[in-house]
Amino acid sequence: MELLVNDGTFPIMASTTLKNLKKYGLCSTVLQGKKVKLSLAAEEVALFFAQMLDHEYTTKKVFRENYFKDWRKKMTDEERSLIKNLDKCDFGELHAMHKAKVEAKKVLTKEEKLVLKEANKKVVDEYGYCLLDHHKERIDNFKIEPPGLFRGRGEHPKQGMLKMRIQPEHVIINCSKEACIPVPPTGHRWKEVRHDNAVTWLASWTENIQSAIKYIMLNANSKLKGEKDWEKYEIARKLKSCVDDIRNQYNQDLKSKKMDTRQRAVALYFIDKLALRAGNKKEEGETADTVGCCSLRVEHITLHEKLEGNKCVVEFDFLGKDSIRYYNKIPVIKKVKKQRAPKALPHSPSSLLSCLCLHLKTGLLNKHLSTLMAGLTAKVFRTYNASITLQQQLKELTNRYQSDNEPEKLLSYNRANRAVAILCNHQRVPPKTFDQFMANLQPKIDARKETLALAKTELKQAKKEAKKQQTLVEQKKAAVKRCKEQLLKSEVQATDREENKQIALGTSKLNSLDPRISVAWCKNMEVPIEKIYSKSQRDKFAWAIDMTEEDFEF
DNA sequence: GTGTGGACTTAGAAACTTAGGC
DNA sequence: GCCTAAGTTTCTAAGTCCACAC
């Protein structure tokens, strides 16, 4: 059968409904050399797969199996009897159609792009705001998630499953009693309208993959989120005043006769020292196999009596949140080692675990922490250690590399930020173009060195003839200065980039670092805040930018 | 005490926009 | 002015933690 209509404007976004699909026509997929005209529902799901054909996901067994199972559910009886093997389906044509659509979007004229931008702004203006306590606030994710294929991270057992289209009938609206209830699309009704002012969400629905509730909430720049953010950092600051006592206590507890107490002490030691996450219990087989401190298993740890010149080394190797690998070798204080590795089994990982976290529940750990300080939980240690590390590093690096040069100041800031990102294990995949970029940068630096040398020579020459041409000397001086700045910028960029190859700075900046530290540093160093925070980051941290003086101490 | 659902924060990837080099 | 890479925003998955039921 042949491909029917495709005008290149096939809508695939959240607003797509089956009605839209009808409007834009049908297309086909190829089965063993034969074209098959698909029903609307099956075709839509086929397109989801075709769109992802360039992605590694579509080569994964689990993804393909899950996908095919769910695709078949959307097929008619006739289609099901015809299409029995995903490997025999050729999505090439659908894929090409999708690519063509992407390309078409790229080559739009300036005017056409502007029209799209305006239309988008209109949508944001209409749906992107709400009124909270008489203040107009920006909503963060005001669009319902469109249907598509579930992209679980790592070896997620549900990757490839079909995320269903959300209809108004799935959505709960939460607004005040006095508010105008949003009107559902014609012919539809909301699942429920409630008036719960004890929660912050505006709308919610339950997704079909993990039966998790999804929420529509306010943007980070809202008063509500800003206040919560401030509270978070105030709790972390409070920990600063009692962290020494807490450390003394868990060091004492390492010697406790009670197994529970020792386990808790070891867990706290690692949460504090290594910024590990708590590690809640997870449903086996429902998600990727990832762990945190309290859910570590025997196979994640190797004990070394001696390693690389250090005594008592614990080697961690496990997948953490988002299936990001945590690999670290750390020498531990002797008493931890001693109590974790009894004489009878000097290197047994199981003995370590029996003393570490095997029976320790995060709930119990947090209950204990709340007795040590109001509001203290395991995650506060991450925020605290991230922020205190930034502050210490900024002091140290800024003093060590005293410079009035902005690129160098920013390099110091990024290095301090990097120390935190390393502590928190915030990784990224190195950009594909990384090696090429670095290879290109060196000749650029060499060229700039040559230009600088030449500019210096010319300046010398001009000085010789100074009496005749004073303006020329000034010009040459300016040229030398400019060359120096450009060279420095390139050199700093090379260093920064190399050090940042596999490190993601944004996550800690956004979630773990008290913004007041950065604001105070900017004021002290006379660096514009725009140099370290983007527009949306400045909006999020407006509270800190407004209130922080240069003498702020975390 | 234990399990579960709900509400919220934290996170990396993808998409989109802007800046800078040629 | 065009192209590409960097910077920024958007998207939504994946954690934490608490309250409540048993």
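Chain A is the first sequence line, chain B the second, and so forth, proteins listed ahead of strands; every chain is numbered from 1.
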Exercise for review: Take atom NZ of A/Lys379 and atom P of C/dT16, then tell me their distance rounded to the nearest Å.
Suggested key: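 From A/Lys379 NZ to C/dT16 P: 10 Å.
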Exercise for review: Calculate the interatomic distance between A/Phe318 atom CZ and C/dG15 atom P; express it in whole Å.
Suggested key: 11 Å
Practice item. Run the numbers on A/Glu530 and A/Lys535 for salt bridge (charged side-chain N to carboxylate O under 4.0 Å, His left out), then give the verdict. Key: CA-CA 8 Å; A/Glu530 293 78 14; A/Lys535 172 78 175 67; over 6 Å; no
Point to revise | A/Lys240 atom NZ: more than 12 heavy-atom contacts under 6.0 Å | key: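 Enclosed: over 12 neighbouring heavy atoms sit under 6.0 Å from NZ of A/Lys240.
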Give one of base, sugar-phosphate or nothing for [X], where a contact means two heavy atoms less than 4.0 Å apart.
X        : result
A/Lys540 : nothing
A/Asn280 : base
A/Thr290 : sugar-phosphate
A/Lys163 : sugar-phosphate
A/Thr287 : nothing
A/Gly292 : nothing

Which of the following nucleotides, [options], is nearest to the side chain of [X]?
X        : options               : value
A/Ile324 : B/dC8, C/dC17, B/dG12 : B/dG12
A/Arg277 : B/dA11, B/dT9, C/dT9  : B/dA11
A/Lys232 : C/dA13, B/dT9, C/dC18 : B/dT9
A/Asp322 : C/dA14, B/dA7, B/dC8  : C/dA14
A/Arg138 : C/dT10, B/dC8, B/dA14 : C/dT10
A/Lys281 : C/dT12, B/dG3, C/dT9  : B/dG3
A/Glu283 : B/dT4, B/dA11, C/dT12 : B/dT4
A/Lys225 : C/dA14, B/dT9, B/dA14 : B/dT9
A/Ser534 : C/dT9, C/dA14, C/dG15 : C/dT9

Point to revise | Side-chain N,O (A/Lys282) to OP1/OP2 (C/dG15) below 4.0 Å | key: yes
Review point. Under the 3.5 Å rule, do the base of B/dT10 and the side chain of A/Lys321 count as making a donor-acceptor pair?
Key: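 Result: at least one qualifying N/O pair found.
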Point to revise | Nearest-nucleotide comparison on DNA chain B, the residue closer to the 5′ end among A/Tyr215 and A/Arg382 | key: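 Counting from the 5' end, the first nearest nucleotide belongs to A/Tyr215.
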Exercise for review: Between A/Arg153 and A/Gly363, just flag the one whose closest nucleotide in DNA chain C comes earlier from the 5' side.
Suggested key: A/Arg153
Check your understanding: How far apart are the C-alpha atoms of A/Lys232 and A/Glu227, what are their side-chain angles, what is the distance that settles it, and do they pass the salt bridge (charged side-chain N to carboxylate O under 4.0 Å, His left out) test?
Key -> CA-CA 9 Å; A/Lys232 178 180 83 180; A/Glu227 280 170 359; over 6 Å; no
Check your understanding: Can A/Tyr384 and A/Asp272 be said to form a side-chain hydrogen bond (donor to acceptor under 3.5 Å, both in side chains), step by step?
Key -> CA-CA 9 Å; A/Tyr384 163 72; A/Asp272 184 22; over 6 Å; no
